[in-house]
Participant: 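Here you go, one structure.
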Amino acid sequence: MNVGIINYGIGNVSAFKYAFKKLNCETHIVDKPEQISNSTHLILPGVGSFDYAMELINQSGLMNSISENVLLKKKPILGVCVGMQIIFEISEEGKKEGLGWIKGEVKQFQLSNTKKINIPHMGWNTIKNIESENKLCKNLDGHEFYFLHSYYCVPENNDLIISTTEYGSEICAVVQKNNISGCQFHPEKSHDSGLKVLSNFLEIQ
Amino acid sequence: MLRSRLSPCLLINDGALVKSINFSNYKYVGDPLNAVRIFNELYVDEIIILDISASKNNRKPDFDLISNISSQCRMPLCYGGGINDLDTIKKLISLGVEKVSIGKSSFDNPELIKKASKLVGSQSIVCCLDIARSRFSRKLSCRFLNGKKDSRKHPLLVAEELINLGAGEILFQSIDNDGKKCGYDQKLIRSLTENTNYPVTVLGGASSYENIKEISDNFGPIGISAGSIFVFQGIHSAVLINYPDAFEKKRLTTVKI
């Protein structure tokens with residue numbers, strides 16, 4: 001097991017390092033193509049805006065290696081927050097093209113007059129409607145996770161939604177397509193439930 | 001459903017953990033790292049750490065200490081104190097801080113808020129507004145530099161300006177109620193949150209867990225922060241770090257729709 005935390009210049013890579021350390025799992029912060037090839041599992045972190053994340057990842061010199069390892073070698077990868085959003089094709093937040101690994105778009109929360117919701121969605125929220133066979137979110141129905149985002153993912157294929165959360169309406173919290181997973185919340189900052197997601201992720205081969 | 005966030009706020013003064021009353025009368029509470037370790041085990045929602053000696057002494061944040069703290073935190077960490085340029089913000093985020101809290105620069109360099117939110121995203125930029133009522137007119141205004149300087153601006157106006165510049169959250173702190181355990185200033189909170197649609201955290205005056213529930217019931221979901229009640233206990237205010245357990249926290253912070 002060798003977890004590579006992709007460091008493309010954005011995102012809180014050290015938080016993942018500490019979280020995996022709690023799980024007694026060796027991690028490497030990777031910023032060179034060959035390190036990505038040496039990893040068995042990949043974490044794609046991300047904070048900030050969609051376009052800025054895309055710009056940085058495109059400039060990182062890592063894209064060929066990431067694509068090869070994710071799309072051809074089918075290594076498990078977990079995108080977190082904006083790292084999840086850039087897995088999709090397009091976002092209302094920006095003009096840049098996403099990675100497009102999962103068909104669908106990223107939409108902005110709308111302020112509504114009937115329900116008082118603040119933007120960003122910030123705080124601890126429960127996840128629900130977990131797809132029963134799913135490994136990543138096993139036994140986590142009703143658990144709380146830390147969310148911090150203004151945009152949410154809408155996959156074209158509803159079957160890829162592994163679990164949802166309620167904020168204004170029901171939105172996608174976790175998405176999965178084969179070896180590619182994404183979670184909108186921050187597992188690295190969600191106490192024991194977050195660690196459970198990360199350890200479940202390591203069980204995906 | 002989203003519930004209110006309940007976050008202890010810890011003050012650091014020259015490396016030691018302290019608690020103030022009305023932004024003065026600092027009492028030594030202990031070692032910051034140790035406190036964070038305990039709060040971690042108590043599963044706090046978020047932790048806010050403000051270094052009140054940084055800007056005052058014109059010094060940068062204590063990066064070593066923050067790095068040690070962030071490595072302990074398995075919950076979001078918000079840090080404030082001595083943040084006055086982009087490099088500092090970048091460095092803090094890379095050390096594992098989720099949110100940076102900006103006080104003084106919100107007043108003397110609002111451009112920084114704009115640039116910082118572009119760089120690391122609005123969600124990581126918190127502006128901390130310390131509020132006091134003037135002694136005679138009872139007018140509200142924002143203060144900075146530990147309450148010493150009066151901006152003569154109304155907190156709601158300042159908050160809107162900062163949100164428009166890119167801030168993702170406003171931390172409203174009542175100087176008048178700080179450390180007094182007299183209850184949150186609900187009139188103030190109402191006036192600051194009634195017509196807003198950005199995340200807000202309120203701080204200053206918490207008197208009990210039930211007082212927290214009141215704020216969550218009346219204004220939630222909202223960020224609720226407190227210092228004294230999480231570090232002191234009993235009539236003699238002995239230092240004893242405490243925080244509601246999972247069940248109690250749910251009761252205090254669940255928002256009825």
Side-chain angles (χ1 to χ4, degrees), chain A residues 7 9-19 21-22 29 46-53 81-82 93 109-126 128 143-151 165-168 170 186-195 198, chain B residues 1-7 40-47 67 70-77 90 92-99 116-126 163 166 168-169 193-201 219-224 246 249-250 253-255 257:
Chain A
N7 181 20
I10 195 169
N12 190 342
V13 289
S14 39
F16 283 96
K17 196 177 82 185
Y18 300 134
K21 204 170 157 193
K22 269 273 181 220
I29 292 174
V47 295
S49 75
F50 188 91
D51 277 5
Y52 188 52
C81 199
V82 176
E93 190 181 6
F109 281 114
Q110 295 300 327
L111 287 174
S112 107
N113 294 327
T114 47
K115 286 180 187 164
K116 188 183 182 253
I117 69 162
N118 291 337
I119 299 171
H121 173 207
M122 177 187 287
W124 294 77
N125 209 335
T126 46
K128 54 178 193 176
H143 281 238
E144 286 190 323
F145 292 88
Y146 186 73
F147 286 83
L148 183 51
H149 61 120
S150 307
Y151 295 80
T165 190
E166 190 83 29
Y167 196 61
E170 199 176 342
H186 288 269
E188 78 283 14
K189 289 286 170 177
S190 294
H191 288 304
D192 292 355
S193 306
L195 290 183
L198 295 178
Chain B
M1 197 52 209
L2 190 76
R3 56 172 179 78
S4 294
R5 289 171 283 141
L6 187 52
S7 357
N40 211 25
E41 297 311 316
L42 294 172
Y43 297 103
V44 300
D45 286 343
E46 189 176 320
I47 203 157
S67 167
S70 87
S71 69
Q72 298 284 337
C73 285
R74 281 182 297 122
M75 66 295 200
L77 166 65
K90 245 174 41 197
L92 287 167
I93 299 286
S94 77
L95 290 179
V97 171
E98 262 65 43
K99 304 192 225 174
S117 66
K118 283 231 171 84
L119 186 75
V120 298
S122 286
Q123 81 290 331
S124 292
I125 305 297
V126 180
I163 289 290
E169 180 183 9
T193 57
E194 217 158 27
N195 295 308
T196 54
N197 53 22
Y198 45 83
V200 163
T201 292
F219 308 105
I222 187 174
I224 305 171
K249 182 166 71 179
K250 215 158 219 172
T253 57
T254 299
V255 180
I257 330 163

Participant: With no hydrogens and no angle check, is any side-chain donor or acceptor of A/Ser49 less than 3.5 Å from a backbone partner on B/Gly121?
Facilitator: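 Not a single qualifying donor-acceptor pair exists.
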Participant: Do you know which two heavy atoms are closest between A/Val47 and B/Val120, and how far apart they sit?
Facilitator: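 Heavy atoms only, the tightest pair is CG2-O, 4.1 Å.
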Participant: Where do A/Ser14 and B/Gly96 come nearest, in terms of heavy atoms and distance?
Facilitator: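 Heavy atoms of A/Ser14 and B/Gly96 come nearest at OG-N, 3.7 Å.
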Participant: Roughly how far, to the nearest 0.5 Å, is the CZ atom of B/Arg74 from the OG atom of A/Ser190?
Facilitator: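 Going from OG on A/Ser190 over to CZ on B/Arg74, the span is 10.5 Å.
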Participant: Starting at CG of A/Asn118, measure out to OG1 of B/Thr196 and round the result to the nearest 0.5 Å.
Facilitator: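 Answer for the CG-OG1 pair, A/Asn118 versus B/Thr196, is 6.0 Å.
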Participant: What residue, out of A/Glu188, A/Lys21, A/Lys128, A/Met122, has the most heavy-atom pairs lying under 4.5 Å from chain B?
Facilitator: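 Maximum pair count with chain B is reached by A/Met122.
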Participant: Using non-hydrogen atoms and a 4.5 Å limit, figure out which bit of A/Asp192 sits close to chain B: side chain, backbone, both or neither.
Facilitator: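 Both parts, backbone and side chain.
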Participant: To the nearest 0.5 Å, tell me how far B/Ser71 OG sits from A/Lys17 NZ.
Facilitator: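 The OG atom of B/Ser71 sits 9.0 Å away from the NZ atom of A/Lys17.
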Participant: Determine the minimum heavy-atom distance between A/Pro120 and B/Gly168, stating which atoms define it.
Facilitator: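 In terms of heavy atoms, the two residues are closest at CD-O, 3.8 Å.
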Participant: For A/Phe147, what residues pass the ring pair (Phe, Tyr, Trp, His ring centres under 6.0 Å) criterion, not counting sequence neighbours?
Facilitator: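 With neighbours one apart ignored, the set is A/His121, A/His149, A/Phe185.
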Participant: Counting only heavy atoms closer than 4.5 Å, note whether B/Lys90 contacts chain A via side chain, backbone, both or neither.
Facilitator: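 Contact with chain A: none, neither part.
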Participant: Just jot down the ring pair (Phe, Tyr, Trp, His ring centres under 6.0 Å) partners of A/His191, sequence neighbours excluded, or say none.
Facilitator: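 Ring pair (Phe, Tyr, Trp, His ring centres under 6.0 Å) check on A/His191 returns A/Trp124, B/Tyr43.
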Participant: State the CD-CG distance between B/Glu46 and A/Leu148, to the nearest 0.5 angstrom.
Facilitator: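 The distance works out to 8.5 Å.
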Participant: By a 4.5 Å heavy-atom criterion (distance strictly below it), what part of B/Glu169 contacts chain A: side chain, backbone, both, or neither?
Facilitator: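 The side chain, not the backbone.
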Participant: Does the pair A/Glu144/B/Arg3 count as a salt bridge with the N-to-O cut at 4.0 Å?
Facilitator: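 Between B/Arg3 and A/Glu144 there is a salt bridge, with a charged N closer than 4.0 Å to a carboxylate O.
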Participant: If I take atom SG from residue B/Cys73 and atom OH from residue A/Tyr18, how far apart are they, to the nearest 0.5 angstrom?
Facilitator: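 Taking SG in B/Cys73 and OH in A/Tyr18, the distance rounds to 10.5 Å.
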Participant: For B/Ser4, is it the side chain, the backbone, both, or neither that has a heavy atom closer than 4.5 Å to a heavy atom of chain A?
Facilitator: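 Neither part, no heavy atoms under 4.5 Å.
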Participant: Measuring heavy-atom distances to chain B, does A/Lys22 have an atom under 4.5 Å in its side chain, in its backbone, in both, or in neither?
Facilitator: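 Contact with chain B is through the side chain of A/Lys22 alone.
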Participant: With a 4.5 angstrom heavy-atom cut-off, is it the side chain or the backbone of A/Thr165 that approaches chain B, or both, or neither?
Facilitator: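 Interface part for A/Thr165: neither.
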Participant: Check whether B/Ile222 gets within reach of chain A through its side chain, its backbone, both or neither, counting any heavy atom under 4.5 Å.
Facilitator: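 For B/Ile222, there is no contact with chain A at all, as no heavy atom is under 4.5 Å.
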Participant: Determine the minimum heavy-atom distance between A/Gly123 and B/Leu2, stating which atoms define it.
Facilitator: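 A/Gly123 and B/Leu2 have their closest heavy atoms at C-CD1, 3.7 Å.
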